[in-house]
**Q** 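Dumping the structure here so I can ask a few things about it.
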Amino acid sequence: MNGVETRVPPNFIRTIVAEDVKNGKNGGKVLTRFPPEPNGYLHIGHAKSICLNFGLAAEFGGLCNFRFDDTNPGKEEIEYVDSIMNDVRWLGFDWQDRLYHASDYFERLYQWALDLIKGGKAYVDSLSADQIREYRGTLTEPGKESPFRNRSVSENLDLFERMRAGEFVDGEHVLRAKIDMASPNLNLRDPVMYRIRHLPHWRTGDKWCIYPMYDYAHGQSDALEGITHSICTMEYEDHRALYDWYLDNLDVPSRPRQYEFARLNLAYTVMSKRKLLQLVQEGYVAGWDDPRMPTLAGMRRRGYPAEAIRNFCERIGVGKRESMVDYGLLEFSVREVLNLKALRMMSVLRPLKVVIENYPEGQVDQLEAINNPEDASSGVRSVPFSRVLYIERDDFMENPPKQFFRLSPGREVRLRYAYFIKCVDVVKDENGEVTELRCVYDPATRGGDSPDGRKVKATLHWVSAAHAVQAEIRLYDTLLNRPDVSDEGSGATFRDFINPRSLEVIADAKLEPALAGAPAGATYQFERLGYFCVDPDSKPEKMVFNRTVTLRDTWAKVAKANEIKRA
RNA sequence: UGGGGCGUCGCCAAGCGGUAAGGCACGGGUCUUUGGAUCCCGCACUCGGAGGUUCGAAUCCUCCCGCCCCAGCCA
């Protein structure tokens, strides 16, 4: 175990935890938690938090709890509960038997509220929501105290008990902490602890009609579980004083500390649950698991391996500054793991018919192809070759520019694992569109090498027409057409920047026969094109693939540069 | 303009008084039956700016500039 460094890059939170462990704080123990509210699907930003919390625990011999922060029944749904647990497991983390809920603590929280009331540190306020807002003051002016602020302990106790008993309608009263209406930190201007909500809760049913606010529930939940490091995002920084106030004024069993880090922003997409919900509800995408979504469900369906997402989260680091991460880094992480694991196959997305004139009609050759050059243990397969084939339309140009190495009239190229072929004629339709290529092959080059040492500059993928499997292929582009949509401004919303071409469907691609019947989720590299996976919509009689990510394409760069030069 | 944060390469990000890690991207080369992968090489005399302290400053001090968050009975 020496020398082989667990390559976790340093970050300020890790430094704090390491220091605490070294100093024997919390008995040298580390207990973190991942506390989602079940009000939407998890996205790649949550993955950053999950990796941080579970990763820290693992690194320092501690544990990470899973806790649903279910304090607001109006927004929470079972569908989200299920998807969240499923996604965390898929990402590769295990909370064993440590599944908790803020709602597990409702009774305890209620008793603590009673303690605060008895200590004169909380009161029932009967101002309306609007009035409370007015009384709160502004960023630059102090607030005013509510006329109900000095109710007696017994009156507060009576009112609060009746709030719980259901004697009041929603909004009639709230319980507030009595702190400081003039605090420069607005969170301390008598924050609401409980509100009345006559709504069934997915776990507690009709038992409660008052629900604790996040601020009142979170720290105590942490304390109850013995959390040592409570890690959240930067927008909670101003809440830390309140987090501490509750813990300091209540008889809690442990003393957790809150630390904040910057949330992830990824270029060309959005991360807020509100916006993701809009994309789903307004039909811009097919659902939370649409492969274009930055949700874990979407990325999984897209074919992104969990390992790639974990690696990505490690690469981006953890800091306090607001940042915008290149989408390219995620794609790099995806290719990196797929390159090692994905079996190679040949598929033609945009078929161009090729007839090998000197290849006997009806003859079929079985050629040996390597399944994965990165992994010798994955072996070989055979691929049928015959007189009529398909190649990629992009692999032929009648009048090729200098740097184009692929097929063109009179030029010889290699068909991967098969033969050298030379284009001898081009067949066009009445519109001048190329419909077919007539070629000849060199039987001596079987397998792809010429015994006379002849070289070709390009190797093309191909599929035998008679053996091809038809498939629908879904190609994806970025959800948004600009990297950063946060500055919406001047009346625009992120909807105005939704990429109308984020999905392209190819109805009749031609796949090599080995792909027939591949199960949903199976991932392949289609040689020279990219990584593709079988979509859950796929059926044996009508296969559907998603393009996970393209291969790095230096030719595309050259072609684009030429285009710019020409324009 | 009250309070809380943050400013190091195109994008992330180490660094914490001893003379700018790393990754992605990018450029060049090697190799190649994927214009993939691999492997080499290059890529911040400078850390938002200006002063100051010091033998020595991205790191300490002062002032200035810029960006983000907070006025839910959301989390």
Side-chain angles (χ1 to χ4, degrees), chain A residues 7 9-11 15 35-37 39 69 71-72 74-75 125 127-129 132-134 136-143 170-176 183-189 191-197 211 213-215 217-218 232-241 260 262 267 273-274 312 314-333 335-336 339-340 344 346 369-370 373-374 403-406 414-418 420 445 447-449 456-461 483 486 525-530 550-559:
Chain A
R7 278 211 24 74
N11 66 62
T15 303
E37 182 188 21
N39 67 345
D69 224 329
T71 56
N72 185 357
K75 289 190 169 183
D125 196 357
L127 251 24
S128 70
I132 285 179
R133 188 182 322 115
E134 284 164 29
R136 186 155 29 229
T138 67
L139 294 179
T140 50
E141 304 157 47
D170 290 7
E172 202 171 341
H173 305 287
V174 291
L175 183 70
R176 293 230 252 169
S183 172
N185 181 345
L186 305 215
N187 294 116
L188 264 19
R189 317 244 266 225
V192 171
M193 293 166 58
Y194 274 91
R195 70 293 214 185
I196 300 171
R197 281 268 191 291
Y211 292 95
M213 298 287 289
Y214 163 88
D215 286 308
H218 207 89
C232 60
T233 42
M234 292 301 285
E235 66 270 25
Y236 290 100
E237 201 159 24
D238 290 336
H239 294 241
R240 192 173 60 229
E260 310 86 15
K273 278 191 192 166
R274 195 194 100 239
F312 169 76
E314 192 167 289
R315 282 190 175 103
I316 59 177
V318 178
K320 289 170 94 81
R321 60 190 126 173
E322 154 125 339
S323 64
M324 177 65 68
V325 176
D326 259 0
Y327 205 87
L329 186 61
L330 214 206
E331 293 192 321
F332 168 83
S333 301
R335 290 189 188 106
E336 175 189 47
N339 176 47
L340 263 22
R344 315 284 126 125
M346 292 197 289
I370 294 167
E374 303 293 326
Q403 300 115 306
F404 186 86
F405 306 146
R406 283 112 92 147
R414 170 168 43 233
L415 291 182
R416 179 144 233 230
Y417 300 124
F420 284 9
T445 58
D449 270 318
V456 288
K457 290 186 85 174
T459 300
L460 273 36
H461 60 277
S486 64
Q525 183 194 104
F526 288 176
E527 296 217 33
R528 303 207 304 132
L529 298 176
T550 62
L551 254 26
R552 250 184 98 232
D553 189 349
T554 46
W555 162 244
K557 263 182 247 167
V558 173

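Hydrogens, waters and symmetry mates play no part in the numbers below; they use all other heavy atoms, side chains included. Protein chains get the first letters and strands the later ones, always in sequence-line order, with residue 1 at the start of each. Treat the numbers as computed from the prediction; the structure is a model and nothing was measured.
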**Q** Can you identify which nucleotide, out of rA14(B), rC68(B), rG5(B), has its nearest atom closest to the Glu322(A) side chain?
**A**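 Between rA14(B), rC68(B), rG5(B), the one nearest the side chain of Glu322(A) would be rC68(B).
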**Q** Between rU32(B) and rC40(B), how far is it from one C1' atom to the other, in whole Å?
**A** 15 Å
**Q** Mind checking what makes ring-ring contact (aromatic ring centres under 6.0 Å, His included) contact with Tyr194(A), not counting sequence neighbours?
**A**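 Testing Tyr194(A) for ring-ring contact (aromatic ring centres under 6.0 Å, His included), a comparison that skips the adjacent residues, returns Phe160(A), Tyr216(A).
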**Q** Side chain of Glu527(A), heavy atoms from C-beta onward: which of rU34(B), rG35(B), rG3(B) has the nearest atom to it?
**A**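 My answer, after comparing the listed nucleotides, is rU34(B).
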**Q** Leu330(A) has an atom CG; how far is it from atom C1' of rC12(B), in whole Å?
**A**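 Going from Leu330(A) (CG) to rC12(B) (C1'), I get 12 Å.
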**Q** Would you call Glu237(A)-Lys320(A) a salt bridge at under 4.0 Å N-O?
**A** yes
**Q** Would you say Arg344(A) places a side-chain N or O within less than 4.0 Å of OP1 or OP2 belonging to rG36(B)?
**A** no
**Q** Checking contacts here: which listed nucleotide (rA13(B), rG3(B), rG36(B)) is nearest the side-chain heavy atoms of Pro184(A)?
**A**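 That would be rG3(B).
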**Q** Over all strands shown, is Arg189(A) touching base, sugar-phosphate only, or nothing at heavy-atom distances under 4.0 angstrom?
**A**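 Arg189(A): no heavy atom of the nucleic acid under 4.0 Å.
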**Q** Which protein N or O atoms sit under 3.5 Å from an N or O of nucleotides 72-75 of chain B?
**A**
residue: rG72(B); atom: OP2; partner: Arg133(A); partner atom: NE; Å: 3.3
residue: rG72(B); atom: OP2; partner: Arg136(A); partner atom: NH2; Å: 3.1
residue: rC73(B); atom: OP1; partner: Arg136(A); partner atom: NH2; Å: 3.2
residue: rC73(B); atom: OP2; partner: Arg136(A); partner atom: NH1; Å: 3.1
residue: rC73(B); atom: N4; partner: Leu127(A); partner atom: O; Å: 3.0
residue: rC73(B); atom: N4; partner: Ala129(A); partner atom: N; Å: 3.0
residue: rC73(B); atom: N4; partner: Gly171(A); partner atom: O; Å: 3.1
residue: rC74(B); atom: OP1; partner: Arg197(A); partner atom: NH2; Å: 2.6
residue: rC74(B); atom: OP2; partner: Arg195(A); partner atom: NE; Å: 2.9
residue: rC74(B); atom: OP2; partner: Arg195(A); partner atom: NH2; Å: 2.9
residue: rC74(B); atom: OP2; partner: Arg197(A); partner atom: NH2; Å: 2.7
residue: rC74(B); atom: O3'; partner: Asn72(A); partner atom: ND2; Å: 3.4
residue: rC74(B); atom: O3'; partner: Arg195(A); partner atom: NH2; Å: 3.0
residue: rC74(B); atom: O2'; partner: Asn72(A); partner atom: ND2; Å: 2.9
residue: rA75(B); atom: OP1; partner: Thr71(A); partner atom: OG1; Å: 2.7
residue: rA75(B); atom: OP1; partner: Arg195(A); partner atom: NH1; Å: 3.3
residue: rA75(B); atom: OP1; partner: Arg195(A); partner atom: NH2; Å: 2.7
residue: rA75(B); atom: OP2; partner: Tyr214(A); partner atom: N; Å: 2.9
residue: rA75(B); atom: N6; partner: His239(A); partner atom: NE2; Å: 3.3
residue: rA75(B); atom: N3; partner: Tyr236(A); partner atom: OH; Å: 2.6

**Q** Base, sugar-phosphate or nothing for Gln525(A)? Non-hydrogen atoms, less than 4.0 Å.
**A**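 The residue Gln525(A) makes base contact.
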**Q** What is the nucleic acid contact for Val558(A), judged by heavy atoms within less than 4.0 Å: base, sugar-phosphate only, or nothing?
**A** nothing
**Q** Using OP1 and OP2 only, check whether a side-chain N or O of Arg321(A) sits under 4.0 Å from rG48(B).
**A**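 No.
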**Q** Give one of base, sugar-phosphate or nothing for Phe312(A), where a contact means two heavy atoms less than 4.0 Å apart.
**A** nothing
**Q** Mind checking if Ile316(A) touches a base, just sugar-phosphate, or nothing, with heavy atoms under 4.0 Å?
**A**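 Answer is sugar-phosphate: Ile316(A) comes under 4.0 Å of backbone atoms only.
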**Q** Give Glu374(A) one of three labels, base, sugar-phosphate or nothing, depending on what nucleic acid heavy atoms sit under 4.0 Å from its own.
**A** base
**Q** Can you name the atoms? Protein N/O to nucleotides 24-29 of chain B N/O, anything below 3.5 Å, with the distance.
**A**
residue: rC26(B); atom: OP1; partner: Lys557(A); partner atom: NZ; Å: 3.0

**Q** What's Thr138(A) touching, base or sugar-phosphate or nothing? Going by heavy atoms closer than 4.0 Å.
**A**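 Contact class for Thr138(A): base.
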